[in-house]
Amino acid sequence: MTYLDANATQPLRPEARAAVLAALALTGNPSSVHAAGRAARRVLETAREAVAARFGAAPADLVFTSGGTEANALAIHALGAGLRLIVGATEHDAVRAAAPGAAVLPVDGHGVADLDALARLLREGPALVCLMLANNETGTLQPVREAAALCRAAGARLHVDAVQAAGRIGVDLRDLGADSLALSGHKLGGPQGAGALLLAPGHTLAPLIAGGGQERGRRGGTPALPAIAGLAAAAAQTAPPLAPHAALAPLRDAAEQAALAAGAIVIGAGAPRLPNTTCLALPGVRADTQVIALDLAGIQVSAGAACSSGKVARSHVLAAMGLDALAGEAIRVSLPWNAAAADIAAFAAAYQAMAARLSRRAA
Ligand code: PLP
């Protein structure tokens with residue numbers, strides 16, 4: 001089997017697995033004052049320091065969550081309270097669902113946010129802007145630094161969903177100049193079940209779930225220590241000079257060349273993109289048909305965003321890019337951290353065979 005669906009979830013890194021197993025062997029609750037509790041607390045705080053340092057925040061400004069969805073929801077709930085919300089048109093549903101009624105920031109045909117439109121929207125009053133660093137379907141990178149400067153000048157706040165960018169390109173909250181940043185462990189090669197919200201200095205957070213006052217009262221509930229330890233271990237593997245994802249770009253390019261030769265269109269190719277992601281439309285062939293055909297050939301990819309129900313909706317990302325006609329015909333190929341040339345060769349052969357069969361039928 002060839003796994004090319006890293007943007008849904010990455011294979012677990014061996015270092016993360018080891019950290020998870022070590023944390024599972026501990027019995028204490030990090031909130032307990034006895035020795036076992038203190039040992040658990042040490043694991044939690046060591047992970048906090050490592051993840052905060054890796055992504056440009058102070059340890060006290062990092063709140064562990066259950067994943068990217070919760071980190072985004074917490075940011076919007078806490079930093080957006082009483083403010084108008086402005087949300088990028090291609091944001092993940094984790095953001096869109098947490099910001100009902102938000103003004104939509106349009107994107108161009110490559111999926112890049114329109115900064116002139118942002119400047120206009122910011123003139124309408126105090127706001128929280130949500131702009132992702134990298135799109136999960138196309139890999140398109142957003143001009144977050146420039147958006148942060150506009151927000152600062154307008155007295156607005158900026159929340160950045162860095163779930164797909166973290167560990168794949170340089171991500172540093174201080175350097176971006178944003179107010180907050182969401183991360184997810186399983187997109188980095190950690191286990192599912194842990195994520196983090198990083199804050200710029202000076203932000204206080206009202207919790208979504210108050211509970212027992214954990215995470216300095218910002219997120220109630222006993223932290224998922226093994227998942228958090230795994231998140232930290234995975235994040236460490238993406239730190240320079242390891243930077244393993246840069247090496248994926250030539251493999252991604254080779255996959256694209258094979259698909260182009262078979263009649264595919266590469267979506268968002270005109271914009272800076274993540275090195276591991278390509279979004280390929282095959283005109284006239286439904287995305288779910290492509291996914292099933294490739295799966296039968298042993299290649300695992302997805303149709304746009306992964307849906308929990310397994311159903312494939314038309315992509316709101318492609319629709320926002322003005323590509324309505326292709327919105328139901330595009331698949332996402334996302335290379336995991338351990339992708340190899342043999343995976344791309346297998347993909348190329350399967351894609352070309354599929355395209356020859358299905359494109360002919362569609363014509
Ligand atoms: N944000 C983006 C851009 C994503 O791609 C995803 C998951 O696909 C999420 C948020 C949600 O993250 P999680 O699965 O950790 O809740």
Side-chain angles (χ1 to χ4, degrees), residues 3-12 16 51 55 63-77 87-99 102 105 107 111-113 130-142 144 158-169 171 176 178 180-198 208-209 219 221 223-224 227-228 230-232 234-235 245 268 273-274 276-279 300-310 312-313 315-318 320 331-336:
Y3 186 78
L4 298 174
D5 201 11
N7 291 10
T9 204
Q10 288 269 16
L12 190 63
V51 177
F55 297 109
V63 182
F64 282 119
T65 64
S66 61
T69 300
E70 187 190 334
N72 281 316
L74 177 58
I76 293 166
H77 161 81
V87 166
T90 60
E91 296 296 299
H92 190 272
D93 281 344
V95 167
R96 297 187 336 139
L105 172 61
V107 296
V112 178
C130 298
L131 188 61
M132 68 200 327
L133 198 44
N135 184 265
N136 45 297
E137 291 183 35
T138 59
T140 301
L141 305 182
Q142 296 294 358
V144 166
L158 176 65
H159 168 67
V160 178
D161 177 348
V163 162
Q164 295 292 352
R168 305 182 191 175
I169 56 169
V171 173
L176 289 171
S180 58
L181 189 127
L183 302 174
S184 172
H186 72 108
K187 312 285 189 186
L188 282 161
Q192 293 156 354
L197 180 66
L198 278 61
L208 266 174
I209 305 164
R219 197 268 186 180
I228 289 169
L231 157 60
H245 274 85
R273 286 181 296 157
L274 287 176
N276 79 315
T277 304
T278 183
C279 180
Q300 292 155 13
V301 300
S302 80
C307 303
S308 54
S309 62
V312 178
S315 163
H316 75 274
V317 174
L318 270 59
I331 61 166
R332 175 183 73 188
V333 179
S334 53
L335 280 57

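Atoms within each ligand, like the ligands themselves, are counted from 1 in listed order.
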Quick one: does E91 get within less than 4.0 Å of ligand 1, heavy atoms only? no
Using modelled atom types only, decide if a donor and an acceptor are shared between the side chain of E70 and the backbone of G195 within a distance under 3.5 Å. no
Contacts of S334 meeting side chain to side chain donor-acceptor pair (under 3.5 Å) (sequence neighbours excluded), chain-then-number -> none
Which residue holds the protein heavy atom closest to atom 11 (C) of ligand 1, what is that atom called, and what is the gap in Å? T69 OG1, 3.4 Å
Using a 3.5 Å cut-off on N or O atoms only, is V163 in polar contact with ligand 1? no
Report the part of N72 in contact with ligand 1, treating N, CA, C, O as backbone and CB onward as side chain, heavy atoms under 4.0 Å; options are side chain, backbone, both, neither. side chain
Residue and atom name of the nearest protein heavy atom (relative to atom 15 (O) of ligand 1), distance in Å to one decimal: S184 OG, 2.6 Å
Which atoms from ligand 1 have a heavy atom of G67 less than 4.0 Å away? 15 (O)
Nearest to atom 7 (C) of ligand 1, what protein heavy atom do you find, and at what distance? K187 NZ, 2.8 Å
Looking only at protein heavy atoms, which one is nearest to atom 4 (C) of ligand 1, and what is the separation? H92 CD2, 3.2 Å
Look at the side chain of E91 and the backbone N and O of M132, then say whether any donor-acceptor pair between them is shorter than 3.5 Å. yes
Nearest heavy-atom contact between L183 and L198 is CD1-CD1, 3.8 Å
Please report whether ligand 1 has a polar contact with E70, defined as an N or O pair separated by less than 3.5 Å (distance criterion only). no
Nearest-contact summary for atom 13 (P) of ligand 1 - protein heavy atom, Å: G68 N, 3.5 Å
Among Q164, M132, E137, H186, which one puts a heavy atom closest to atom 14 (O) of ligand 1? H186
Going by distance alone, is a donor N or O of one side chain under 3.5 Å from an acceptor N or O of the other, for R332 and N135? no
Donor-acceptor check, side chain of Q142 to backbone of A113, threshold 3.5 angstrom: yes or no? yes
Out of D161, D93, T65, T90, whose heavy atom sits nearest atom 3 (C) of ligand 1? D161
In ligand 1, which numbered atoms sit nearer than 4.0 Å to a non-hydrogen atom of N136? 3 (C), 5 (O)
For I228 and P223, which heavy atoms make the closest approach, and how far apart are they? CD1-CB, 3.7 Å
Treating N276 as the side-chain partner and L335 as the backbone partner, does any N or O pair qualify as donor plus acceptor under 3.5 Å? yes
Counting only N and O atoms by type, is there a donor-acceptor contact under 3.5 Å from the side chain of K187 to the main-chain atoms of A8? yes
